[in-house]
Amino acid sequence: MASCSSSSPSGSRFEKIPSTSIRVLRSVESVRRWRRPHTIDQRTVGLVPTMGALHEGHLSLIRAAARENHHVVVSIYVNPAQFGIAEDLGSYPVTWAADTAVLAALDRELADDGANLGRISAVFAPTTADMYPAGFPGQAVGSKGSFVTITPVGEVLEGASRPTFFRGVATVCMKLFNIVQPERVYFGQKDVQQTVVIRSLVRDFMLPIEVVVGPTTRAVDGLALSSRNVYLGTRRRAVATVLHRTLSAAESAYAGGARDRETVLGAAKKATEHVLSEQMALAPEKRVRFEVDYLSLADPSTMEELAIVDPEKGSILSGAIRMLPVEAPQEGEDLGHSGGPAVRLIDNIIIQPS
């Protein structure tokens, strides 16, 4: 748990992460009070939005923010508006103690690095009542409420599979941007469509914010780091690299000269079918089942599907798979967080312009 410490000679008190100077701000008003003097002093603020369950991908974004800003704010908020009615809001990992310990250690690392302009100054951990003053946000497609929608980019790929997802992302990011008023915001490339949505949000609503996108952070075997990986368990984790291998096969086809959709994505589909065939040949107590949601070859600025890749523009290879629950659990088997429910994994590879 965070502790309280004195913040000024007047004796006012505030919450902070133990053994650090990192403020814990839990209300909109507390952030505004904290932010005001930094605006006056012309100190820049970088915001790293997260839903907690912090991993190395988040930490790489915080390090980038510390290099470029006087103050770094990390938001930790599980946003209900980006979960569909049947999705895993209730089981999403809430790891406050672990997250604050990670941030404390990272802040000590940042303090020892003279190349940094700043450090972690605050964690914003609001309640849903504060973030959604009109009431709990609707999670159904036709819900009423104050939402931000970014179309058409928010309607394809992830938006087609999860129709309220980008509405929830754009809405909560608009709120966070208005509350913290950062000069820069930091997102990871793993959620590539999200980065396109956020860039569109900032551009279309003329927000005075720079969007910084950091590269995808991967495990040694290529799996993109994600908070949802905790659901996988040992057996499914070993096979979860299938999506990265699939996209890498498509990238290799492009590198070999293929430019048409059929050939590039054909290589990806062949790789996926090979892995699935191998798994289904195993006994139920050993195999891993998964379903491909989509494989995409899209325009890098609009996420619209391409028939032919223009080498001068490049493209985005992306995909989503659904790792199904373990079919025949063995006694004592690690099934993952919350008993190993179905896990939806996403990944992408950027084909850079020539």
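Sequence positions, counted from 1, serve as the residue numbers for this chain.
- Rounding to the nearest 0.5 Å gives a distance of 10.5 Å between NE2 of His244 and CG of Asn348.
- Looking only at side-chain heavy atoms (C-beta outward), Arg23 and Glu15 stay at 4.5 Å or farther from each other.
- By the 4.5 Å heavy-atom criterion applied to side chains, Glu251 and Leu247 are not counted as neighbours.
- Atoms CG and CG, from Asp99 and Leu54 in turn, are 3.5 Å apart once rounded to the nearest 0.5 Å.
- A donor-acceptor distance shorter than 3.5 angstrom exists from the side chain of Arg167 to the backbone of Val141, with no hydrogens or angles considered.
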Report task. Please assess Ser318 against Gln193 for the test side chain to side chain contact (heavy atoms under 4.5 Å, CB included), listing each intermediate value before the final yes or no. Result -> CA-CA 9 Å; Ser318 66; Gln193 189 174 0; over 6 Å; no
Report task. Give the intermediate values and the outcome of side chain to side chain contact (heavy atoms under 4.5 Å, CB included) for residues Gln82 and Phe166. Result -> CA-CA 7 Å; Gln82 65 194 66; Phe166 287 118; over 6 Å; no
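- Judged as a side chain to side chain donor-acceptor pair (under 3.5 Å), and not counting sequence neighbours, the contacts of Thr272 are Thr246.
- Formation of a donor-acceptor pair under 3.5 Å by the Ser30 side chain with backbone atoms of Ser27 is found in this model.
- Within the 3.5 Å criterion, the main-chain N or O of Thr217 finds no donor-acceptor partner in the side chain of Gln189.
- Proximity of Ile17 to Val123: side-chain heavy atoms (C-beta onward) are separated by under 4.5 Å at one or more points.
- The side chain to side chain donor-acceptor pair (under 3.5 Å) check on Thr151 picks up nothing, with sequence neighbours excluded.
- A continuous path of ILVMFWY side-chain contacts below 4.5 Å connects Tyr92 to Leu345, so both sit in one hydrophobic cluster.
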Report task. Might you work through the side chain to side chain donor-acceptor pair (under 3.5 Å) test for Glu305 and Ser296, ending with a clear yes or no? Result -> CA-CA 7 Å; Glu305 294 300 313; Ser296 168; 2.6 Å; yes
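- Checked against salt bridge (Lys or Arg N to Asp or Glu O under 4.0 Å), Lys313 has the following partners two or more places apart in sequence or in another chain: Asp299.
- No donor-acceptor pair closer than 3.5 Å links the side chain of Arg235 to the backbone N or O of Glu333.
- Counting heavy atoms from C-beta outward, Val211 and Thr195 have side chains that stay 4.5 Å or more apart.
- At a cut-off of 3.5 Å, with distance as the only test, a side-chain donor of Thr128 or Tyr77 sits close to an acceptor on the other residue.
- The backbone N or O of His70 lies less than 3.5 Å from a partner atom in the side chain of Thr44, making a donor-acceptor pair.
- With contacts defined as side-chain heavy-atom distances shorter than 4.5 Å, the pair Gln279/Val239 qualifies.
- Using a 4.0 Å cut-off between charged nitrogen and carboxylate oxygen, Asp221 and Arg237 count as a salt-bridge pair.
- Linking Ile, Leu, Val, Met, Phe, Trp and Tyr whenever their side-chain heavy atoms come within less than 4.5 Å leaves Met303 and Leu317 in two separate clusters.
- Note on Val242 and Val292: same hydrophobic cluster, where clusters join Ile, Leu, Val, Met, Phe, Trp and Tyr whose side-chain heavy atoms are under 4.5 Å apart, directly or indirectly.
- Expressed to the nearest 0.5 Å, how far OG1 of Thr216 lies from CG of Leu225 amounts to 9.0 Å.
- In the hydrophobic clustering, Leu335 connects to Val326, either directly or through intervening members, whenever side-chain heavy atoms lie under 4.5 Å apart.
- Follow the hydrophobic side-chain contacts under 4.5 Å out from Tyr186 and you reach Ile62 in the same cluster.
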Donor-acceptor pairs are to be reported for all side-chain atoms of residues 46-53 against protein atoms at under 3.5 Å, with residues two or more places apart or in another chain.
residue, atom, partner, partner atom, Å
Thr50, OG1, Gly52, N, 3.1
Thr50, OG1, Ser75, O, 2.8

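- Val74 and Leu25 end up in different hydrophobic clusters when Ile, Leu, Val, Met, Phe, Trp and Tyr side chains are linked at under 4.5 Å.
- For Ser121, the side chain to side chain donor-acceptor pair (under 3.5 Å) partners at least two apart in sequence or on another chain are His71.
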Tabulate below the donor-acceptor pairs under 3.5 Å that side-chain atoms of residues 172-182 make, not counting sequence neighbours, or state none.
residue, atom, partner, partner atom, Å
Lys175, NZ, Met131, O, 2.9
Asn178, ND2, Met174, O, 3.2

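- Looking at Glu278, its side chain never comes within 3.5 Å of a backbone N or O of Val275 through a donor-acceptor pair.
- Across Asn69, Asp113, Asp107, Thr20, a single residue satisfies side chain to side chain donor-acceptor pair (under 3.5 Å) together with Arg119, and that is Asp107.
- Judged by distance alone, the side chains of Asp260 and Thr263 do bring a donor and an acceptor atom under 3.5 Å apart.
- A salt bridge links Glu87 and Arg162; the closest N-O separation between the charged side-chain nitrogens and carboxylate oxygens is under 4.0 Å.
- In this structure, Arg261 contributes its side chain and Leu306 its backbone to a donor-acceptor pair below 3.5 Å.
- Taking Glu262 as the reference, nothing meets the salt bridge (Lys or Arg N to Asp or Glu O under 4.0 Å) condition, with sequence neighbours excluded.
- With hydrogens and angles ignored, the 3.5 Å screen pairs a side-chain donor or acceptor of Asp130 with a backbone N or O of Val28.
- Between Ile209 and Arg184 there is no side-chain heavy-atom pair separated by less than 4.5 Å.
- In this structure, the salt bridge (Lys or Arg N to Asp or Glu O under 4.0 Å) partners of Arg322, at least two apart in sequence or on a different chain, are Glu291.
- Side-chain contact check for Asp204 and Ser200: no donor-acceptor pair (N or O, by modelled atom type) lies under 3.5 Å.
- Relative to the ring axis of Trp34, Arg26 does not place its NZ or CZ within 45° and under 6.0 Å from the centre.
- Evaluation of the ring-ring contact (aromatic ring centres under 6.0 Å, His included) test over residues 123-155, restricted to residues two or more places apart or in two chains, returns none.
- Using a 4.5 Å heavy-atom threshold, the side chains of Trp96 and Ile76 count as touching.
- Panel note: side chain Asp293, backbone Ile321; no donor-acceptor pair is recorded below 3.5 Å.
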Requested in this report: Let me see the working for Val212 and Val185 under side chain to side chain contact (heavy atoms under 4.5 Å, CB included), right down to the final yes or no.
Outcome: CA-CA 6 Å; Val212 181; Val185 293; over 6 Å; no
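- Using a cutoff of 4.0 Å between basic side-chain nitrogens and carboxylate oxygens, Glu327 and Lys286 are not scored as salt-bridged.
- Using a 4.0 Å cut-off between a side-chain N of Lys or Arg and a carboxylate O of Asp or Glu, Glu56 and Arg63 qualify as a salt bridge.
- Side-chain N or O atoms of His38 include none that pairs as donor or acceptor with a backbone N or O of Arg35 at under 3.5 Å.
- The ring-ring contact (aromatic ring centres under 6.0 Å, His included) pairs that include a residue from residues 335-354 are Tyr231-His337, where partners are two or more places apart or lie in different chains.
- Side-chain atoms of Thr234 and Asp334 include a donor-acceptor pair closer than 3.5 Å.
- At a threshold of 4.5 Å between non-hydrogen side-chain atoms, the residues Leu297 and Val309 count as touching.
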Report task. Step by step, work out the salt bridge (Lys or Arg N to Asp or Glu O under 4.0 Å) result for Asp347 and Arg218. Result -> CA-CA 10 Å; Asp347 201 352; Arg218 300 185 181 277; 2.8 Å; yes
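- The stretch residues 259-298 participates, sequence neighbours left out, in no ring-ring contact (aromatic ring centres under 6.0 Å, His included) pair at all.
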